[in-house]
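Counting starts at 1 for both ligands and their atoms, in listed order.
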Amino acid sequence: MKRAEIFESPDRLSAFAGGIFVPTMGALHEGHLSLIRLARSFGGPVITSIFVNPTQFGPGEDFDRYPRSMDVDVELATEAGTDVIYAPPTTTVYPDGVDQAPSVPLPPVATDPGLEDAGRPHFFAGVCGVVGRLFEQVRPSIAIFGEKDWQQLQVIRAMVAHDPRFEGIEIRPGPIVRDPDGVAMSSRNAYIPDGARHRARGLVAALEAIRSTRDAGDAEATMRAVLEAHALDVEYAVIRDAETLGPPSEPDRPGRAIITARLDFDGGSVRLLDNGPFPLVG
Ligand code: PAF
């Protein structure tokens with residue numbers, strides 16, 4: 001198998017314009033690889049970016065220790081079907097410096113729901129800025145984002161729908177991939193010590209516990225109880241409209257159960273995210 005080519009500058013990307021794009025921050029796991037395989041299934045050339053984006057990390061967050069594994073990532077991305085890995089240096093993404101990154105208009109779904117936007121107020125400005133910049137450089141026809149970061153997926157969809165620069169880019173979701181114990185895969189799971197791993201199961205257990213619940217308030221109370229029983233610090237465990245992420249006001253629209261909880265352990269802590277469908281009935 002021919003190893004994916006690695007581009008550090010956008011110059012040679014023009015030959016791949018119109019391809020299928022999978023943006024990542026590296027430390028690739030089966031969740032990312034499933035997105036690359038999905039990209040492959042569309043038939044065009046597949047471009048995977050690997051860039052740990054400093055602007056989406058807040059002060060005191062894990063930018064410096066975020067897992068980086070370029071050599072392994074290149075092997076894995078190649079096997080999954082990537083033709084090109086775009087791994088730009090920070091100066092290529094932010095030529096005027098990280099502190100001078102241009103600000104981008106954010107859609108309401110990035111600022112109003114009180115979910116990730118509340119806990120990480122810098123996050124979507126950073127994500128939208130870098131994804132917009134990568135879209136301009138890669139110029140894909142399709143870009144794929146995982147459903148695990150549900151709010152991020154809705155934010156990118158809204159950004160693309162409202163910004164003429166991104167006209168013609170189709171956003172496709174990739175389903176959550178889970179480890180055998182049910183925990184949603186994430187690069188940050190590497191931080192969880194073995195002895196605390198069973199507590200990480202609390203998120204999927206909370207989603208399983210509301211499978212037959214139809215009342216949003218009951219579902220939220222049940223999820224919180226299951227998370228607390230796993231000694232997790234609940235940031236939010238809510239039922240929302242799946243697209244606007246506002247309160248589920250209209251029946252018969254898709255709903256979503258969305259959770260973020262912190263798992264604290266001796267010497268550290270990790271934020272875990274998960275979500276699943278929640279049918280809203282009138
Ligand atoms: O989901 C991620 O890995 C990142 O937020 C993304 C979309 C690659 C932007 O840095």
Quiz item: Excluding sequence neighbours, so at least two apart, what forms salt bridge (charged side-chain N to carboxylate O under 4.0 Å, His left out) with E79?
Solution: none
Practice problem: Check the side chains of T92 and E8 for a donor-acceptor pair under 3.5 angstrom, ignoring hydrogens and angles. | Solution: no
Quiz item: Is the distance between the ring centroids of F7 and Y86 less than 6.0 Å?
Solution: no
Please tabulate, one line per pair, the protein nitrogen or oxygen atoms found under 3.5 angstrom from a nitrogen or oxygen of ligand 1, with distances to 0.1 Å, or say none if there are no such pairs.
unit_1, atom_1, unit_2, atom_2, d
ligand 1, 1 (O), Q152, NE2, 2.9
ligand 1, 5 (O), Q56, NE2, 3.0
ligand 1, 5 (O), Q152, OE1, 2.8
ligand 1, 10 (O), Q56, OE1, 2.7

Quiz item: Is it true that the side chains of R262 and S269 contain a donor and an acceptor less than 3.5 Å apart?
Solution: yes
Quiz item: Could you state the interatomic distance from SG (C128) to CD1 (I156), rounded to the nearest 0.5 Å?
Solution: 5.0 Å
Practice problem: Flag the pair Y191 / F265 as yes when their ring centroid distance falls below 6.0 Å, and as no otherwise. | Solution: no
